[in-house]
Amino acid sequence: MKLYDSLTGEKREFVPHDDTVKMYVCGITPYSASHVGHAMCSVYFDTLRRYLEYSGYEVKHVQNFTDIDDKIIDAAAGQGTSPVMLVEELVEQYLIDMATLNVQPAHLYPRVTDEIPQIVEMIEGLIEKGFAYESEGDVYYRVTSFPTYGKLSHRTLEGMMAGARIEPNAQKDHAMDFTLWKKSKVGEPSWGSPWGEGRPGWHIECSAMAVHYLGPHLDIHGGGQDLVFPHHENEIAQTEAYTGQEPFAQHWVHNGLLQMDQDKMSKSLGNLVTVRDALEKFGPDAIRLFFLNSHYHSPLAYSEESIRGQQRAADRLRAALVEPGSDGTGEGLDPEPYRERFVAAMEDDLNTPQALASVFSLARDINRGREEGKALSAAQECLREITGVLGLRLEPEDSGSGQPANAFVELLAEVRQELRANKQFALADNIRNRLQELGVSLEDTPEGSKWRFTSN
RNA sequence: GGCGACGUAGCCAAGUGGUUAAGGCGAGGGUCUGCAAAACCCUUAUUCGGCGGUUCGAUUCCGCCCGUCGCCUCCA
């Protein structure tokens with residue numbers, strides 16, 4: 001497939017180093033509930049992974065948790081809990097939310113606090129090679145020692161200095177030098193090191209974990225566009241300096257950010273909707289469709305109106321997957337052209353909006369074919385397959401079986417059928433309306449009256 | 001100020017140097033239905049931010065302008 005690479009700025013054929021695709025995606029810093037922007041990133045990379053697997057690749061997906069940092073320490077203190085407890089709770093919440101979104105779990109979720117030896121080793125290596133220096137218990141990366149610093153974000157050191165708000169710091173050789181190891185204050189969580197008690201800087205952890213679990217050559221390194229600088233720029237500087245090999249990643253893949261009104265949605269701006277709230281409100285399929293309807297590379301504005309629209313769209317896909325009452329005996333609907341269009345779109349830098357066009361056109365033709373008595377099992381199987389690549393579940397609406405209300409609804413539906421048979425339509429309609437208000441949707445079909453619980 | 005992305009119908013959103021500018025939602029009309037709902041059919045951008053340029057021909061390439069956003073500090 002063709003995949004865009006932020007470093008070279010071009011779409012290139014994706015060719016993994018060896019049989020297993022190595023994919024590292026920057027994960028979250030769990031200091032507060034995850035928001036829809038995190039979900040968007042996860043869904044895009046999940047879809048990329050699903051597509052690669054669909055194409056026959058084996059993928060090893062690693063995603064870190066930054067489980068120690070200033071914000072975690074502050075947030076824990078604010079809530080009267082410990083950083084460890086806070087992280088545990090938020091990580092669990094995150095994993096549950098991702099599972100609900102039908103995001104396949106990463107193969108490994110390394111955490112900074114479990115990787116201190118690897119991090120220290122990498123920092124030592126960088127000092128030895130002259131890329132880093134210790135200063136009053138802190139360790140800094142020397143940006144001037146890495147000639148191509150700025151290649152990912154397409155900046156120069158001069159450009160970064162111009163107009164930037166950088167505080168002079170006597171401890172550093174160059175204002176852009178960044179922290180690898182940070183001396184801890186009294187009472188903060190800390191680890192021993194050759195430079196005294198402290199903890200790792202943010203950028204080094206990803207380098208260390210990526211190299212530790214995936215080696216010096218990643219096929220895909222992903223994350224939000226806001227990580228390009230400084231985080232990923234620094235990762236390249238650290239990793240390539242340490243391993244002496246390049247490129248660190250074949251493809252730097254960055255997703256556009258979720259906008260909230262005029263700004264990006266972010267924890268620091270406080271303008272966020274949590275993943276959990278959105279999931280409860282709209283369900284996973286509609287949310288995935290909302291993301292996938294836009295190209296991963298573009299920014300997207302959060303819009304509840306739009307997600308509602310996707311709920312309706314998901315319903316139409318579900319309708320296409322309902323088995324025909326009586327087997328179609330006519331000629332079959334050949335799904336191959338739809339599958340080909342789907343694959344061609346996905347091959348082109350994961351063009352999910354275009355892939356969806358094929359999905360919807362297959363769904364429409366299945367629904368039409370049903371009315372025309374066509375044999376549909378192959379087409380339905382294909383629809384199931386390609387929507388699966390997009391991570392859509394499209395499970396039938398909950399028919400409520402096994403729930404306590406079930407028998408009562410069943411009874412009301414039966415009574416209503418009697419009324420209809422006796423042309424007592426006013427009363428029958430009244431029952432239908434009242435049930436609708438209570439969250440039970442009733443439809444009269446040639447095969448009888450069907451009902452289901454509606455989530456909204 | 002520097003770097004980058006973007007501006008397509010009521011809304012969301014693909015795409016292309018040239019015969020019909022995907023798809024979804026919404027809206028209008030129809031088929032079906034006791035009425036609905038669902039599904040299906042039809043309609044819904046002579047036009048792609050503005051102005052120039054290149055070209056036989058540009059929404060698509062180039063330049064300028066206007067507007068929006070991201071990064072340059074933590075951030076998916």
Side-chain angles (χ1 to χ4, degrees), chain A residues 6 9 25-29 31 34-45 63 66 69-71 150 153-156 158-167 176 178 202 222-231 233 254-259 262-269 289-290 292-295 297-301 303 305-320 322 341 345 348 351-361 363-372 420-421 423-426 428-429 432-433 436 441-446 449-450:
Chain A
S6 307
V25 182
C26 286
I28 58 161
T29 301
Y31 69 91
S34 298
H35 58 72
V36 187
H38 298 124
M40 182 164 92
C41 178
S42 303
V43 164
Y44 287 141
F45 285 100
Q63 184 168 328
T66 301
D69 110 323
D70 287 338
K71 287 187 178 168
S153 51
H154 307 105
R155 302 158 207 237
T156 59
E158 298 75 60
M160 292 176 205
M161 298 302 292
R165 292 155 290 170
I166 296 167
E167 310 258 324
M176 292 309 294
F178 56 90
W202 176 41
Q225 259 161 10
D226 52 352
L227 298 186
V228 172
F229 191 90
H231 187 56
E233 192 70 63
H254 292 106
N255 63 281
L257 300 180
L258 188 68
Q259 310 286 317
Q262 297 308 342
D263 303 302
K264 70 169 171 171
M265 182 180 290
S266 83
K267 291 183 185 178
S268 39
L269 292 173
L289 281 170
F290 171 66
L292 266 17
N293 183 45
S294 159
H295 188 86
H297 207 256
S298 312
L300 178 61
S303 156
E305 184 197 348
S306 207
I307 302 177
R308 277 212 186 79
Q310 298 304 337
Q311 285 183 313
R312 306 266 302 120
D315 283 342
R316 245 180 82 224
L317 297 179
R318 286 191 192 98
V322 171
R341 262 222 296 158
D348 184 15
N351 192 332
T352 52
Q354 206 157 66
L356 279 171
S358 174
V359 165
F360 282 105
S361 117
R364 196 216 318 116
D365 291 343
I366 287 173
N367 285 328
R368 189 196 315 188
R370 194 191 321 268
E371 290 173 8
E372 293 168 352
R420 289 183 66 226
K423 302 205 187 299
Q424 305 257 7
F425 295 122
D429 289 353
R432 185 173 60 197
N433 292 339
Q436 182 71 48
S441 159
L442 231 157
E443 294 173 16
D444 301 321
T445 73
S449 195
K450 291 183 177 167

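Predicted model only: the values in this text are computed from it and were never measured. Throughout, protein chains are lettered first and strands after them, A, B, ... in sequence-line order, and every chain is numbered starting at 1.
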Are [X] and [Y] close enough that some pair of their side-chain heavy atoms sits under 4.5 Å apart?
X	Y	result
A:His295	A:Gln354	no
A:Phe229	A:Met160	yes
A:Arg341	A:Ser361	yes
A:Asp365	A:Arg368	yes

d([atom1], [X]; [atom2], [N]) in whole Å:
X	N	atom1	atom2	result
A:Leu442	B:C35	CG	P	17 Å
A:Lys71	B:A76	NZ	C1'	13 Å
A:Arg370	B:C32	CZ	C1'	15 Å
A:Leu317	B:C40	CG	P	10 Å
A:Gln436	B:A38	CD	C1'	12 Å
A:His254	B:G4	NE2	P	16 Å
A:Met160	B:U73	CE	C1'	14 Å
A:Arg368	B:U31	CZ	C1'	14 Å

Residue [X], side-chain heavy atoms: nucleotide from [options] that is nearest:
X	options	result
A:Ser306	B:G70, B:C12, B:G34	B:C12
A:His38	B:A76, B:A39, B:G23	B:A76
A:Arg312	B:A76, B:C25, B:C69	B:C25
A:Leu257	B:A76, B:A14, B:A38	B:A76
A:Glu443	B:A36, B:C74, B:G24	B:A36
A:Phe229	B:A76, B:C35, B:C71	B:C71
A:Arg155	B:C40, B:A13, B:C71	B:C71
A:Ile28	B:A76, B:G23, B:A37	B:A76
A:Asn293	B:A13, B:A14, B:C40	B:A13

**Study point:** N/O donor-acceptor pair, side chain A:Arg432 with base B:A36, under 3.5 angstrom
**Key:** yes
Give one of base, sugar-phosphate or nothing for [X], where a contact means two heavy atoms less than 4.0 Å apart.
X	value
A:Gly222	nothing
A:Arg364	sugar-phosphate
A:His295	sugar-phosphate
A:Ser361	nothing
A:Gln225	nothing
A:Asp444	base
A:Leu300	sugar-phosphate
A:Asn255	base
A:Asp429	base
A:Ser303	nothing

Check your understanding: More 5' along RNA chain B: A:Gly256 or A:Ala313, using each one's nearest nucleotide?
Key -> A:Ala313
**Study point:** First of A:Cys41 and A:Arg341 reached from the 5' end of RNA chain B, by closest nucleotide
**Key:** A:Arg341
Study note, to complete from the structure: Taken to the nearest 0.5 Å, the spacing of A:Glu233 CD from A:Ser6 OG works out to 11.0 Å
Review point. Is there a donor-acceptor pair under 3.5 Å between the side chain of A:Arg420 and the backbone N or O of A:Asp444?
Key: no
Exercise for review: Taking A:Asp348 for its side chain and A:Asn351 for its backbone only, find out whether a donor-acceptor pair lies under 3.5 Å.
Suggested key: no
Review point. Are the ring of A:Phe425 and the base ring of B:G34 both nearer than 5.5 Å at their centres and tilted by less than 30°?
Key: yes
